[in-house]
Amino acid sequence: MTQLLLDVQGLMKRFDGLTALRWVDLQVHEHAIASLIGPNGAGKTTFFNCVTGFHASDDGEILFRGESLWGKTADRVVLAGIARTFQSTRLFGNMSVIEHVLVGMHSRLKTGVLDAILRTPFARREESEAAQRARALLEFVGLTAYEQQLAERLPYGLMRRVEIARALASEPSLLLLDEPTAGMNPQETEDLMRFIRRLRDERGITILLIEHDMRLVMTISEYITVLDYGKKIAEGTPAEIQRDSRVIEAYLGVMPDEGGEFGRP
Amino acid sequence: MTPIQTQEMRARRQPASALSRLIRNPVQLISAIILLGLFLVALRNVLPLNGAAEYQPDQFARQLIFGLAQGSIYALIALGYTLVYGILSMINFAHGEIFMAGAYMGFFAITAAQETGLLASDPVLALFITLLIGMLSSAVVAVLVERIAYRPLRNAPRLVPLITAIGASIALQQIFLRLFGASTRRYPDVGWFVLPNACPALGTQGLDDTGLCRGIDLIGGRYDVTVIGLELRILPIHFLVFALSLALMIALWLYVHRTKSGKAMRAVAEDRNTAALMGVNVDRVIVTTFILGGLLAGAGGVLYALYNQQVSPFIGFLPGIKAFTAAVLGGIGNIPGAMFGGLFLGVVETVAPSMLGLSSQLKDVIAFGLLVMVLIFRPQGIFGEVLSSKRG
Amino acid sequence: MTRQARLLWVAAVIIFAAAFSACGQQPQIVPTIRPTITPTGIPTATPEASAEATASARLVGRTLLRQASVVSQGGEVVIGLSAALSGEGFAPLGIDIQRGAQLALAARPTVRVGGAEFVVSLDSQDDQCSADGGQAVATRFAADERVVGIVGPMCSSACRAAAPIFDASDYTTISPSCTAADLSMSGFTSFNRAVVSDAFQGVIAAEFIFRPADQGGLGVTRVATIHDGSPYGDGLVRVMSERFTALGGQIVASDAITVGDTDFRGLLEDIAQEEPELIYFAGFPADAARIADQRGDAGLEDALFMGADGIRTQEFIDLAGDSAVGAYASTSIAADSNALSAFLSLYLGAYGEEPPAPFHANAYDATNILLDAIEATASLDLDGSLVVDRDALRMYVRNVTDYPGLTGVLNANGSGELSVADIGISQVRDNAFVEIAIGSVVDGSVVLLLNEE
Amino acid sequence: MIRAVRPALYISAAALLLVLSGVLVSFQERQVVAGAVSLNAALIAGLVLAAGMLTAGRLRVRSGMAVLQGMIAGVIVGLPLVLLVLLERLIDLRFVFANLTQPVGATLLFSLELVPGLLVFFSSCLLVGALGGFLSSVSRRTMRITVFSLAATVVVGLVADQLDSVIAPVDGLFIGLALVFGYVGSDIFGRDSFWMRLLLGLFNGAAIGFVAGLLAASGGLVEGGGLRLGHVPPAIMILVPGYSLIILPLIFGILGALGALMRTTPRMISTFVHYGGVLVVILTLLALRRGFDTFDAVMVLAISAWAFNTFPWRIEESVRQFNGLTVVQRRVVRVAVYCATLLILVFAPAFLGQYMTNVLNLVGLYIIMGIGLNIVVGNAGLLDLGYVAFFAIGAYTIGLLTTPSILTCGGVPPEALSGELVLTTCTGIMNFWQAWIVAILASGVGGLLLGTPVLRLRGDYLAIVTLGFGEIIRIMLRYDDFSPVFGAAQGIANIPRPILDLTTLNPAWYFVFDSEASMYYLILASILVAIFVASHLGNSRIGRAWRAMRADEDVAQAMGIRLARAKLLAFTIGAAFAGLGGALSATRLFGAYPDSFSLLVSINVLSLVIIGGMGSIPGVVLGAFILIGLPEVLRELSDYRLLAFGVLLVYTMLVRPQGLYPVRYWQASAQALSR
């Protein structure tokens, strides 16, 4: 088994009374493409928020390459090497596409206040390097043509890609994608699947995916974890998950009886 | 498949103790020290060390009454802030000016009553009409401000409606200044006599300038009374102001919690879009909220003018800011909280300078200091519930 | 960018800044003479003190060049007027001063110098009673060669900000209403005032309050002072308190209000603890009326109430209602000579209303003194144009003696004071201010003359 | 129908407010065109015209109907005013509307009797309304030209008495001659080659310059000299009298060259020269006529109509051409524009005279503060209503360090020391430059301290708490018990002007900044430094972090931006700029007085940042000129400045939230250029 990248043990999150996450364990291995699935409101996005420091988790341990991230705010988590996208694309209203990517690189750049004011040679060099890297990334996601355009005015599919490019800009080793294919047509979903594979193969990035498109999940992920009402009800390879009765029950609701007219999938 | 561990096996992580949280957060630490220092100074003044205490109990009692009166006026304005914030999660900066509009229109009403002799013949009716006109004009101004300045910006980014509110507040103040002039105007003296049979007990104080006693003058009367050993100076208008603002607050609370449109208002406060899906006419609810806020601010304006007897286009600004502080103190969005916040701020503002032996120039410093302290220790205010990020 | 390189950058910037500032001139000492009023004596700025002050003023402004105002033949001699003509709170005061100057010029439209006659015109500018406004108007006049002298500025903050600019171009200004005590002691060469300084008004008020009833005073020993936080209010209270404690009286409480606040009951309650016999308030009518009215609520209804020239207006009486009865106010206009009453009827005829503020006569005197000074010091040039040597004009105004002005016989004290030392004390009786006494400074001590009832 | 008439209703309400506020009384004697049009007439006519145009414009009807629509709009605005005049006869309005010092009738009815006056007034409303309606039906271009030239004439009429001494007639004459000769000369001879045309233009211009030099040397221009043509001393005479025969040909040579290149050079330069020429002609006209009567009005109307005719076309083309340039060319153009503006700014005080320089100084101070607040509000999105607190810290630090005070006299309050003692004990007094650096650092630290408690607050909470801090500091400065330190209500007086003593390098170099022009250069230098720092920060990684934080705080944090540090940085730098401005303001006013640090200053600066365009530095500069400069020049309007601010704030947010000079345009071009 390859080396363990992300190790979440007993994650607990309560919103005054409602327990969103109850003792969730999840392990993701280096260079793996894992998925996190479950019906709506199962706590998938909450899990992402706790891992990336958006919400402070109440209990449990989050180890990333052995180093604990518990209690760290979002800006430290991204420094450690975890980047994420959002369920509904949250882009910056007043910024162009390339600026989004440059902001994404913020944690990797070092220009200080004085360097910026005096535009020291260091600052200028770093700025041009950053611009080059940003253009390379846009090339990679295929947004070169839209570089100077206001990001929020782009069509929905392209906005998704801006968000991914922005996440990649911080050179993460683990990328958390929150329902990237929401609102995409089959052709776009197909492109995204290839794109995710290229991310893992060419750039060696580990992917953790939240997705409802079962076809995409089953074909692309190597390991799947299923959440329901904040509890982990199953985990394993796509094949095992498809056969797991609890998963079906969670998704399709309780079976009326053994031989009911629905029958086995 | 790793076995799913049972919950109980885990060792629970204890939440950090309040004290350690305090130490780690420097801002809270410093403000805690300042508060402690002030408390000690106050204690030194109150306790009768060598001889009489610096700060006599009857002085405290009298200032408490002044503070409650001023506080109930702040409360009436604060209710307007809380209502609007609850619905639009936006501070209606122009609310101070809406308060002033009520006071000013009340002035025209009461002077007209004086001219037509109604004030002399039937003061109670004249006062009632003044209050009504004050409340109605404030409501009209509030609706106009909402219609022109706020409605088009309903879903603009957070900063935009706030800046329009500041603009509306300045514009309103200046329009009144240009129309009605900057000179301060005075409410005529009016007497509202009740309980004539209390005359003998009042003795000489009950006699007005004509020498006869017509009972307790609720508006202009000043009576020296010793209560449980404290000689106090009672102004019935204090209790009138306090009682009326309490009554209006309760009426508002009943309206919001017991009526159908009150329920609609709470729904819109919870989530505007979902409420719209449930068939609530959001625009009408928002307009009603502004009307209610305006009515209360207008009442506050007229009471303020009866109590302080002076009105000018500039009286709206400072009480407006103080009332916001009160609303935040009580817990923004919470009606009893606004009432409590208003009274609390009124009392502290009046009592603290003399209790701490400071000059009353620092009255406003104490008011704003209080606001900062609350936001540092309990951003959701004393009665408020935790502000979820959506509405925070 | 390695760490050291960045530190290098920071060091370079700091060295540059230090070097740049080090080469700045050694600090030139400007001895600001705060209004150090000797406890016993009257604040007389002795001539030699003013010489030393002028020397320091020179350090502040450029060395005084010999400058002159030149008015070509047939042109107009311009007298500048700097007063607050807008801003509702101050407009009545400014317009009243403008009318005083206009009436003076109506009576004397021209200036006769060496046989030639020149029409005099008034250029009124609005200084908004603020430091910024005062300075803007000062630079406007300094840039206009035809302006000979200036009546104004109106408020103490404007006077203080504009004075250095008028000094630099060697102008002469006579203010009808800047009463802040330290203005004539800060070494300004251009500043004069035809109004009684607060230094006098405060002292005479203190004497009037302290002296026993039989000597024309109120016989009060316990006084509480309140001011409204303006330079005028703060300065006046300071002078009065100093003199009152020197006389043996006791300032039992001294506090201040913030303008714009309306509820002073907490403050008055605090003061009530000290049981003062009189409340002395230095500020403007609206706040004065609130204090007078609310003092009853705090149990001080039997305490007397006294203000200064700021509150001596009908607005105070209207706003305070019946709690204004018996209130005292000191004011600069004392001499009720027939010239003054003739002027007042002229005023009523020209503008159809009573003067809304007390400074019209001072403006009238200031304008006339400027006209006298021009006629005394100006000369005709070869081509018939009028040349006014500003330095000579300034010296003339600084040495005016026994000038029969509306506000009394005016004498200059050499450092800017150009006013009679009489202060009128009036009291509110049946809805109007009635003058009940006149206090004047006679060689150092205060003489109180009671008007017969 | 109602929807179409709504603009007319709004305008009619505005007209009623205007009349009832007594503004017409104070405007009555203010003549726009001497003898013919008073400011009242211009205002009312303008309102009715606008009502006519808006109503008819909405309905998009043929000209016949449009004129009718215009009339209806005229009625809607005129009728209530007529009723008001009649009402006035019945009851005394003065009690309610205190500002009506004169009856409304006197101002509106062109001093005619009641009935004829009302008829004349009402018919003129109809007429102007009809004109408005007609204008809206005619082509958009002609409508825009007429409206703009009418507005330009009114503005020039209002400002005429201040502009008549900007350019001496002789200067205007020579500049015009140089341009015309350059244009005509090169057109006739050097038609073909660019260099030939340039040379000829240069030569013609230089010839004109030489003639001007001779004239200056001949003393004809001295006061009273024959050729003076007016009372303003011509600049020709002032500029370096000794070398006039060399300098003047050079200057006019350049002008000649510009004239020559009018046709061939890129549209931008020719547009600049084109409108520069128009401005010079108008200023010369004003200087010659020294007054503004009907003849001048017609002249200015004609000139502005001609200028506006080609205005949109020229601007579009120059923008198109600008975008077509290569990167290098763009950089050259940008540098050229910067140098040209710098040149104009450096020579401005010589032309404008002391009063206008004083106004520019005030505008300059507000620009510095605007740039600072722009970082806090425009970039970082932190609505700071207590900005005046840092302005006050800067002013009082200068006050305390450059005059005898408790800090510089070793803890002894200066009152206690008699005259001579002050000189000996107060050794701590610094010169302006040292104190300036301390002032900037002190206000920066102030920004840090006041920023820390408010880090977690958002939007409206932040606004109120910063407003509270501003008030707390203002009250502390005025507080009696602090009078030995801050001088309580008196503030700190006798703050000396800066002195630059370079006598060590060259005995002659001893500059005292006591004149308005010297302060102007000091303020100009500070503005350039401020722009340098703010634009570099804005365009750097930190600037992007701020803008991200303003757009969406949570996502910004997810990008690795430490919110606390970024916010504190914005607060500190913004405060440092305010301190820099405060120090300059204190030394400019010779003192720091508590009254000049009221909430009004914070609102002024906030308005010019927001109306100028949040996040854009040119927006701040433009905002400062309009919101601070204009009311200073039109002094009788300064009373309505606050009303204008309030209404403008609401209007900007409703109609143009990105502001007058939006950051989008500026940043995009800046980025494009910087590559």
Side-chain angles (χ1 to χ4, degrees), chain B residues 26-28 30-31 85 89-91 93 108 111 148-149 152-153 156-175 177-183 185 317-318 321 324-325 328 332 358-359 361-365 367-373 375-376 379 389 392, chain D residues 10 17-18 20-23 95-100 377 381 383 385 452-461 463-465 467-472 474-476 478-481 550-551 554 599 603 606-607 610 614 639-655 657:
Chain B
V27 175
Q28 285 189 341
I30 297 164
S31 14
Y85 192 89
S89 46
M90 182 200 87
I91 303 290
F93 251 89
F108 290 130
T111 348
I148 296 170
L153 296 170
R158 173 179 266 288
L159 221 54
V160 172
L162 189 60
I163 293 163
T164 345
I166 295 172
S169 149
I170 300 169
L172 259 180
Q173 184 190 59
Q174 289 296 313
I175 287 172
L177 180 66
R178 287 293 147 238
L179 278 184
F180 307 119
S183 51
R185 312 237 190 156
F317 183 72
L318 214 51
I321 301 286
F324 170 76
T325 314
V328 167
I332 197 85
L358 300 169
S359 124
Q361 267 182 315
L362 299 184
K363 187 161 88 157
D364 294 347
V365 169
F368 289 123
L370 207 59
L371 171 68
V372 173
M373 293 295 178
L375 289 182
I376 287 175
S389 64
Chain D
Y10 278 145
L17 170 64
L18 209 62
L20 287 174
S21 69
V23 72
F95 177 74
V96 174
F97 302 108
N99 287 341
L100 285 177
V377 175
L383 187 59
L385 282 181
T452 333
V454 295
L455 286 185
R456 278 192 334 283
L457 303 181
R458 291 202 178 170
D460 18 44
Y461 281 62
I464 288 281
V465 171
L467 188 139
F469 277 134
E471 288 299 300
I472 286 178
R474 190 170 62 84
I475 293 167
M476 287 302 185
R478 186 195 290 274
Y479 181 42
D480 269 354
D481 296 2
R550 175 179 160 206
D554 303 333
L599 176 66
I603 291 181
L606 186 70
S607 318
I610 286 160
M614 277 206 270
D639 212 13
Y640 301 92
R641 181 198 300 209
L642 256 182
L643 178 62
F645 277 6
V647 171
L648 264 177
L649 272 180
V650 175
Y651 180 78
T652 315
M653 283 300 118
L654 289 179
V655 173

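Naming: A, B, ... by sequence-line order, numbering from 1 per chain.
Rounding to the nearest 0.5 Å gives a distance of 4.5 Å between CG of D:Leu599 and CZ of B:Phe317. For the atom pair D:Phe469 CZ and B:Leu371 CG, the distance stands at 9.0 Å (nearest 0.5 Å). Rounding to the nearest 0.5 Å gives a distance of 10.5 Å between NZ of B:Lys363 and CD1 of D:Ile475. If you take OH on D:Tyr479 and CG on B:Leu362, they are separated by 4.5 Å, rounding to the nearest 0.5 Å. With values rounded to the nearest 0.5 angstrom, D:Leu20 atom CG is found 12.0 Å from B:Ile175 atom CD1. Taking CG of D:Leu385 as the start and CD1 of B:Ile166 as the end, the distance is 4.5 Å to the nearest 0.5 Å.
With a 4.5 angstrom heavy-atom cutoff, B:Leu162 touches chain D only via side-chain atoms. Of the two parts of D:Leu17, the backbone and the side chain both hold a non-hydrogen atom closer than 4.5 Å to a non-hydrogen atom of chain B. When heavy atoms are compared at a cutoff of 4.5 Å, B:Ser31 does not approach chain D at all. Looking at B:Val365, both its backbone and its side chain come within 4.5 Å of chain D, counting heavy atoms on both sides. Contact annotation for B:Phe324: only side-chain heavy atoms (C-beta onward) come within less than 4.5 Å of a heavy atom of chain D. Interface residue B:Leu179: backbone and side-chain heavy atoms are both found under 4.5 Å from chain D. Contact of D:Leu455 with chain B is not made at all, since no heavy-atom distance falls under 4.5 Å. Contacts of B:Ile321 with chain D are made by side-chain atoms alone, with heavy-atom separations under 4.5 Å and no backbone atom involved.
Proximity of a side-chain donor or acceptor of B:Gln361 to a complementary backbone N or O of D:Asp480 within less than 3.5 Å is detected.
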Any chance you could lay out the side-chain contact (heavy atoms from CB on, under 4.5 Å) test for D:Ile464 and B:Phe93, step after step, and finish with the verdict? CA-CA 10 Å; D:Ile464 288 281; B:Phe93 251 89; 3.8 Å; yes

Please evaluate residues B:Thr164 and D:Leu649 with respect to the criterion side-chain contact (heavy atoms from CB on, under 4.5 Å), reporting the C-alpha separation (whole Å), side-chain torsions for both, the decisive distance (0.1 Å), and the verdict. CA-CA 6 Å; B:Thr164 345; D:Leu649 272 180; over 6 Å; no

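At least one side-chain heavy atom of B:Ile332 sits less than 4.5 Å from a side-chain heavy atom of D:Tyr461. By the 4.5 Å heavy-atom criterion applied to side chains, D:Met614 and B:Val160 are not counted as neighbours.
Of the listed residues (D:Leu383, D:Leu648, D:Val647), the one with the most heavy-atom contacts under 4.5 Å to chain B is D:Leu383. Of the listed residues (B:Leu358, B:Ile163, B:Val372), the one with the most heavy-atom contacts under 4.5 Å to chain D is B:Ile163. No other option in D:Thr452, D:Ile603, D:Leu654 has as many heavy-atom pairs under 4.5 Å with chain B as D:Leu654.
Closest heavy-atom contact between B:Ala149 and D:Val650: CB-CG1, 4.3 Å. Across every non-hydrogen atom of D:Met653 and B:Leu153, the tightest pair is O-CD2, 3.6 Å.
Heavy-atom contacts from other residues, nucleotides or ligands closer than 6.0 Å to OH of D:Tyr651 number 12 or fewer.
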